[in-house]
There are 2 protein chains.
Amino acid sequence: MDPLGFAQHDHRRCVATALKAAQAHCARHRLNLTPVRRRVLELLLEGHRAMGAYDILDHLRREGFGAQPPVAYRALDFLVSHGFAHKIERLNAFIACTHPAADHTPVFLICRGCHAVAEAQAEPTRGMLGRAAEEAGFEIEQAVVEAIGRCPSCRAEAAPCA
Amino acid sequence: MDPLGFAQHDHRRCVATALKAAQAHCARHRLNLTPVRRRVLELLLEGHRAMGAYDILDHLRREGFGAQPPVAYRALDFLVSHGFAHKIERLNAFIACTHPAADHTPVFLICRGCHAVAEAQAEPTRGMLGRAAEEAGFEIEQAVVEAIGRCPSCRAEAAPCA
DNA sequence: CTTGATATGTTATATGGTTACGATTATCAA
DNA sequence: TTGATAATCGTAACCATATAACATATCAAG
């Protein structure tokens with residue numbers, strides 16, 4: 001599975017595509033992609049990195065939306081709960097989902113050099129985590145998997161002669 | 001591997017044992033297990049659950065230690081950086097390590113019913129996460145793995161006739 | 001047109017974490 | 001011993017993240 005995110009790509013196009021996909025998904029599922037919600041998703045897509053709720057809020061207030069934290073948090077809640085965005089616990093920040101598809105368990109690769117975040121997919125009920133849970137009689141409902149390290153370009157930069 | 005944490009046990013004894021082990025480890029490695037640090041570890045062990053930094057701080061100030069946040073955070077930093085405790089990102093809270101041994105990557109099973117936290121072990125560079133990282137050319141330095149769900153006793157309680 | 005559900009906005013506050021700085025104590029070489 | 005140095009502890013002030021509580025607006029369904 002391609003984690004995306006560390007590779008170059010036509011960004012303007014990927015924003016437009018994702019936004020359209022979200023809109024279509026909302027139409028199909030009778031979800032209300034209101035102007036604030038749509039704009040927050042767009043900001044996350046444009047930023048193409050983890051953004052704090054207060055970063056988002058700054059943009060919103062400059063653009064004439066509500067200026068108080070709940071405005072940002074509510075839009076983010078909507079996006080997260082419907083799978084259009086994810087929260088990166090380790091960073092207290094949010095990022096647009098790069099797999100706008102169905103229910104899924106994201107796995108994040110967070111570069112401590114350039115702060116880029118790549119999203120990959122996993123099935124937490126399998127593998128080591130699933131085994132540990134099973135042994136303990138624990139029922140996994142949701143999993144947070146976040147790896148901190150260095151992305152290809154930061155590795156190259158840090159070790160130019162390796 | 002036994003995740004511990006959801007099983008009953010002689011708690012007073014497990015606290016004493018862990019504390020002694022920590023003390024021995026510090027002696028061996030010339031680490032300074034000062035009164036505050038020791039007390040914070042003891043609090044985490046006694047609590048036997050994830051505790052917020054401010055919970056810890058409340059105890060400390062009542063016991064005559066410093067009353068300001070850095071006192072708690074510094075002690076917690078010490079414990080975390082030397083493997084005596086872990087931070088649960090999802091809860092913004094800290095918990096004593098149940099594997100006082102060497103360098104390891106903890107995996108947490110967090111019960112959303114009773115808030116118990118069990119710690120298991122994993123090797124993040126293997127399995128799905130490792131594969132995804134490798135494909136992306138990403139070098140994992142540290143991983144956060146936290147599963148939210150229900151522990152055996154909460155499952156039994158919630159579904160008495162299942 | 002009214003009712004109820006959903007969404008937006010505001011004020012205020014709770015919770016989590018850091019910076020900056022000074023005082024104290026431990027370590028150790030001269 | 002003494003003075004240099006680093007580690008630790010303490011405080012005040014502050015910044016960052018997140019939620020509670022309440023008022024208003026919108027809109028579809030009856």
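Note on naming: letters A, B, ... go to the chains in the order of the sequence lines (proteins, then strands), and numbering restarts at 1 for each one. All heavy atoms count here, side chains included; hydrogens, waters and symmetry mates do not.
- Aromatic ring orientation, B:Phe78 versus B:His82: tilted (interplanar angle from 30° to 60°).
- The environment of CZ in A:Arg13 is sparse: at most 12 heavy-atom neighbours from other residues, nucleotides or ligands sit within 6.0 Å.
- When hydrophobic clusters are built by joining Ile, Leu, Val, Met, Phe, Trp and Tyr residues whose side-chain heavy atoms come closer than 4.5 Å, directly or via intermediates, B:Ile56 is not grouped with B:Tyr73.
- Using a cut-off of 4.0 Å between Lys/Arg side-chain N and Asp/Glu carboxylate O, B:Lys87 and A:Glu89 are scored as not salt-bridged.
- If you check the side chains of B:Gln142 and A:Arg112, you find no donor sitting under 3.5 Å from an acceptor.
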Expected string for nucleotides 15-30 of chain D under the B/S/- scheme (protein heavy atoms, under 4.0 Å, primed atoms plus P, OP1, OP2 as sugar-phosphate) is --BBBB----------
Restricting to nitrogen or oxygen on both sides, can you table the protein-nucleotides 6-8 of chain D pairs closer than 3.5 Å?
from	atom 1	to	atom 2	distance (Å)
D:dT8	OP1	B:Arg37	NH1	3.2
D:dT8	O5'	B:Arg37	NH2	3.4

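- Between B:His59 and B:Phe65, the distance from one ring center to the other does not fall under 6.0 angstrom.
- Between B:Glu146 and B:Arg90 there is no salt bridge, since no side-chain nitrogen of the basic residue lies less than 4.0 Å from a carboxylate oxygen of the acidic one.
- Classification of B:Arg131 and B:Glu134 as a salt-bridged pair fails, no side-chain N sitting under 4.0 Å from a carboxylate O.
- Between A:His86 and A:His104, the distance from one ring center to the other falls under 6.0 angstrom.
- Hydrophobic clustering places A:Met51 together with A:Val36 (ILVMFWY residues linked when any side-chain heavy atoms are closer than 4.5 Å, directly or through intermediates).
- In 5' to 3' order, the nucleotides of DNA chain C bounding all contacts with chain A (an atom under 4.0 Å from a heavy atom) are C:dA7 to C:dT11.
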